[in-house]
Amino acid sequence: MPAPLSSPLHDILRYDDMAVKFLFEHYYVSLVLFAKNYLPDIEDCKDVVQGIFLHMVENREKFTSIDNLKAYLYQTTQNRCLKQLRHEGVKQRYIFESQAVEEEAFYLDHILEEEVYVLLMRAIDSLPLQCRKVFRLVLENKSNQEIAEILSINIETVKSYKKRGKALLYKRLKGIVPLVLLTSWL
């Protein structure tokens, strides 16, 4: 606790440079240490205390006694620290909730993608044998040329099987899988 102010109250309330400097030097460290009881970061504590002095000088706060001034400084420090903690809590909740929403959306998207993939694989399994072979190779990102070589068939035959298979797949999956998603996979 700092020693009592030697400057009379009326000098402080004039808010001249010397009185403000005296007040700041006399209470700054004590108020920062007091703020440290609430805020973990010393830089935040310093910012809070500097903000209090700035507000006090800009608004030329009036005090009836030195005790009234000290009470103002400590009470305002506590209030601003608590306000900052609440603000940080709100920010942290927002970040946590945003992350939870993103994770849930990712999870749901992943589930949907897996379900669509299972439906697509079932639909491919129901294709005629050669169309099925072609589409399994398409899903492995094989080119028409590679598919023709693997299956020992003509490129035009590969294109024909792909065209026929797509038509059958669109027909089987049109009410279940969005066309855009199906097109992107095939």
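Worth saying up front: this structure is predicted, and the values here are computed from it rather than measured.
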Would a 4.5 Å heavy-atom cut-off, applied to side chains only, mark [X] and [Y] as touching?
| X | Y | value |
| --- | --- | --- |
| Gln50 | Leu54 | no |
| Phe135 | Tyr161 | no |
| Leu23 | Met56 | yes |
| His55 | Arg80 | yes |
| Arg132 | Leu129 | yes |

Q: Over all heavy atoms of both residues, which pair between Val32 and Val49 is shortest? Give the atoms and the distance, please.
A: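 For Val32 versus Val49, the nearest heavy atoms are N-CG2, 3.7 Å.
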**Q.** Asn144 to Lys162 - nearest heavy-atom pair and separation
**A.**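 So the two residues come closest at OD1-NZ, 2.8 Å.
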Donor-acceptor contacts under 3.5 Å from residues 120-128 side chains, at least two apart:
residue: Asp125; atom: OD1; partner: Arg136; partner atom: NH2; Å: 2.1
residue: Ser126; atom: OG; partner: Ala123; partner atom: O; Å: 2.7
residue: Ser126; atom: OG; partner: Arg172; partner atom: NH1; Å: 2.8

Cluster question for you: counting only ILVMFWY and a side-chain heavy-atom cut-off of under 4.5 Å, with indirect links fine, are [X] and [Y] together?
| X | Y | answer |
| --- | --- | --- |
| Val29 | Tyr74 | yes |
| Leu82 | Leu31 | yes |
| Met18 | Phe24 | no |

Q: Answer yes or no: is there a donor N or O on one side and an acceptor on the other, between the side chain of Thr77 and the main chain of Leu73, under 3.5 Å?
A: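 Yes, because the side chain of Thr77 sits within donor-acceptor range (under 3.5 Å) of the backbone of Leu73.
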Q) Between Gln78 and Phe34, is a side chain to side chain contact (heavy atoms under 4.5 Å, CB included) present by the stated rule, with each step listed? A) CA-CA 8 Å; Gln78 178 187 31; Phe34 179 70; 4.0 Å; yes
Q: Apply the test side chain to side chain contact (heavy atoms under 4.5 Å, CB included) to residues Ile153 and Gln130: give CA-CA distance (whole Å), side-chain angles for both, the deciding distance (0.1 Å), then the verdict.
A: CA-CA 10 Å; Ile153 57 177; Gln130 284 299 96; 4.3 Å; yes
Rounded to the nearest 0.5 Å, how far does [atom2] of [Y] lie from [atom1] of [X]?
| X | Y | atom1 | atom2 | answer |
| --- | --- | --- | --- | --- |
| Asp41 | Lys36 | CG | NZ | 7.0 Å |
| Gln84 | Cys45 | CD | SG | 8.0 Å |
| Leu85 | Tyr38 | CG | OH | 9.5 Å |
| Ile52 | Asp47 | CD1 | CG | 11.0 Å |
| Lys46 | Glu43 | NZ | CD | 4.5 Å |

Q: May I have the step-by-step check of side chain to side chain contact (heavy atoms under 4.5 Å, CB included) for Leu151 and Val158, ending in yes or no?
A: CA-CA 9 Å; Leu151 298 178; Val158 170; 5.6 Å; no
Q) According to the salt bridge (charged side-chain N to carboxylate O under 4.0 Å, His left out) rule, which pairs have a member within residues 140-159, sequence neighbours left out? A)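 Salt bridge (charged side-chain N to carboxylate O under 4.0 Å, His left out) check on residues 140-159 returns Glu156-Lys159.
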Q: Report the C-alpha separation of Gln75 and Asn79 in whole Å, then their side-chain angles, then the decisive distance to 0.1 Å, and conclude whether the side chain to side chain contact (heavy atoms under 4.5 Å, CB included) test is met.
A: CA-CA 6 Å; Gln75 187 64 53; Asn79 290 343; 3.1 Å; yes
